[in-house]
Amino acid sequence: MSRPRLLALLCLGLIAPAHASEPRPLAIAIHGGAGVIDPAKMTPAHAASYRAGLAAALDAGYAILERGGSSLDAVTAAVRTMEDDPQFNAGRGAVLNHDGDAELDAAIMDGHGPRAGAVAGVRHVKNPIELARLVMEKSPHVLLVAEGAEEFALEQGAVLVPREYFRTAARIRELEEARRRAGELKAAAPGPTGTVGAVALDRAGHLAAATSTGGLTDKHRGRVGDSPIVGAGTYADDDSCAVSGTGQGEFFIRQVVAYDICALVKYRRLTLAQAVRELIHEKLRRTGGEGGVIAVDRYGNIAMDFNSVGMFRGARDSRGRRDIAMYRDAQ
Ligand code: ASP
């Protein structure tokens with residue numbers, strides 16, 4: 001068949017392109033935070049435990065994609081799994097603010113639409129990612145904060161818990177240590193610790209991103225980071241990519257990191273890896289921002305990059321990839 005005739009038939013939809021019958025790629029990536037633990041202080045037992053926590057979240061999300069579920073359900077399940085795991089800085093085991101309380105932030109974004117929901121500064125919601133999703137699906141709003149968000153949680157029947165549920169012995173020790181250091185070094189900036197996130201591509205070609213965190217240890221009451229800010233720590237658009245970030249949120253907000261990565265893919269036609277590299281190793285680094293992102297594009301390419309000591313992460317796809325890593329050289 002001549003090339004013009006083939007093109008005409010393709011345009012009219014009378015014949016399908018050769019790849020139409022191939023199954024669409026599935027992909028998921030997760031993170032458990034940047035700069036969590038100095039590699040020199042990481043014991044083999046700790047490393048094994050973090051790896052197991054990451055693997056449980058990764059596989060929970062991928063199982064949903066594999067049985068034809070949505071990317072939205074996959075990222076919700078992956079993030080919820082890490083919120084329930086006290087090793088990570090989200091849900092139970094979240095870091096504590098200066099007053100000794102967990103104030104939790106989360107966002108979810110559906111690249112189909114796109115639609116988004118987020119909550120910030122909640123103190124009694126067991127799984128903030130589920131409340132963020134309720135904001136997206138059951139309210140006309142995008143972001144609810146503090147008491148207003150908790151009233152909405154009550155109305156929607158979300159699971160609420162006493163504040164003590166979030167405060168683990170390890171986080172109380174960390175806060176005491178941070179306060180002691182701040183007393184010695186007045187200008188000490190708190191470092192990023194273990195936020196969680198997930199991005200996924202489903203069989204229908206839809207992208208989704210989700211991020212959940214307790215923010216920074218010893219933060220001021222009322223401080224909100226990048227995770228619940230659409231475009232900063234969380235973003236998804238079916239036409240480009242889905243991104244979840246971790247690191248010093250103030251820098252991610254100022255650079256609108258997650259959106260900027262998708263914009264570079266969409267408007268400057270950079271590959272996902274190039275766009276991520278540009279943000280993490282050029283723009284963010286230039287201003288002194290530390291952290292990393294996980295991202296997936298509409299073709300199922302995954303990028304996970306960071307300029308911090310490490311980023312706890314995992315990736316799985318329908319081409320057979322399944323890996324978990326913590327530091328630079330895929331360990
Ligand atoms: N980005 C989070 C925040 O600033 C912290 C982190 O990723 O560990 O709230």
Side-chain angles (χ1 to χ4, degrees), residues 29-38 50 53-54 57 78-79 82-83 85-91 93-98 101-109 118-123 128-129 132 143 145-146 166 170-171 174-175 178 188-199 209-235 243-261 276 279-280 284 287-295 304-313 326:
I30 60 160
H31 70 75
V36 190
I37 286 188
D38 180 347
Y50 275 119
L54 290 166
V79 166
M82 290 186 280
E83 284 180 339
D85 181 338
Q87 303 182 93
F88 299 106
N89 173 18
V95 301
L96 305 176
N97 69 9
H98 187 71
D101 270 327
E103 283 184 304
L104 310 163
D105 301 340
I108 192 159
M109 189 150 179
V119 293
V122 294
R123 298 198 288 170
I129 200 63
L143 172 62
V145 306
F166 300 107
R171 297 306 189 190
E174 255 175 48
L175 176 62
T193 41
T195 290
V196 308
V199 292
T211 315
S212 181
T213 188
L216 304 178
T217 303
D218 201 25
K219 67 185 180 181
H220 197 289
R221 198 161 82 91
R223 179 264 186 190
V224 175
D226 59 313
S227 311
I229 307 297
V230 169
T234 309
Y235 195 74
V243 179
S244 170
T246 171
Q248 293 165 315
E250 284 70 11
F251 291 86
F252 279 67
I253 294 173
R254 287 191 285 259
Q255 303 278 1
V256 204
V257 167
Y259 174 77
D260 211 27
I261 289 171
V276 164
L279 258 294
I280 299 304
L284 207 54
T287 56
E290 200 178 286
V293 299
I294 52 167
M304 304 190 284
D305 207 349
F306 51 98
N307 64 26
S308 42
V309 177
M311 181 172 77
F312 289 12
R313 60 201 187 276
M326 292 189 287

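Ligands are counted one by one from 1 in listed order, and the atoms in each one are counted from 1 as well. We number each residue from 1, following the sequence as shown.
Not a single N or O atom of G245, backbone or side chain, sits closer than 3.5 Å to an N or O atom of ligand 1. The distance criterion of under 3.5 Å between nitrogen or oxygen atoms is not met by T213 with respect to ligand 1. Residue-to-ligand polar distances keep D105 apart from ligand 1: every N/O pair is separated by 3.5 Å or more.
Of the candidates G215, G291, G247, it is G247 that places a heavy atom closest to atom 2 (C) of ligand 1. Among D226, T217, V257, T211, the residue whose heavy atom sits closest to atom 3 (C) of ligand 1 is D226.
Using modelled atom types, no side-chain atom of T211 and backbone atom of A106 make a donor-acceptor pair closer than 3.5 Å. For D226 (side chain) and V257 (main-chain N/O), no donor-acceptor pair under 3.5 Å exists by modelled atom type. At least one donor-acceptor pair closer than 3.5 Å links the side chain of E83 to the backbone N or O of I129. In terms of modelled atom types and a separation under 3.5 Å, the side chain of D105 and the main chain of G225 share a donor-acceptor contact. In this structure, Q248 contributes its side chain and E290 its backbone to a donor-acceptor pair below 3.5 Å.
R171 places a side-chain heavy atom less than 4.5 Å from the side chain of N89.
Numbered from 1 in the order shown, with element, the atoms of ligand 1 that lie under 4.0 Å from a heavy atom of G225 read 9 (O). With ligand atoms numbered from 1 in the order given, ligand 1 contributes 6 (C), 7 (O), 8 (O) to contacts under 4.0 Å with heavy atoms of T246. Heavy-atom contacts of T195 reach the following atoms of ligand 1: 2 (C), 5 (C), 6 (C), 7 (O), 8 (O) (cutoff under 4.0 Å).
Residue contacts with ligand 1 include R223, since one of its heavy atoms falls under 4.0 Å from the ligand.
Ion pairing of K219 with E250 is absent here, as no side-chain N (NZ or NE/NH1/NH2) approaches a carboxylate O to less than 4.0 Å.
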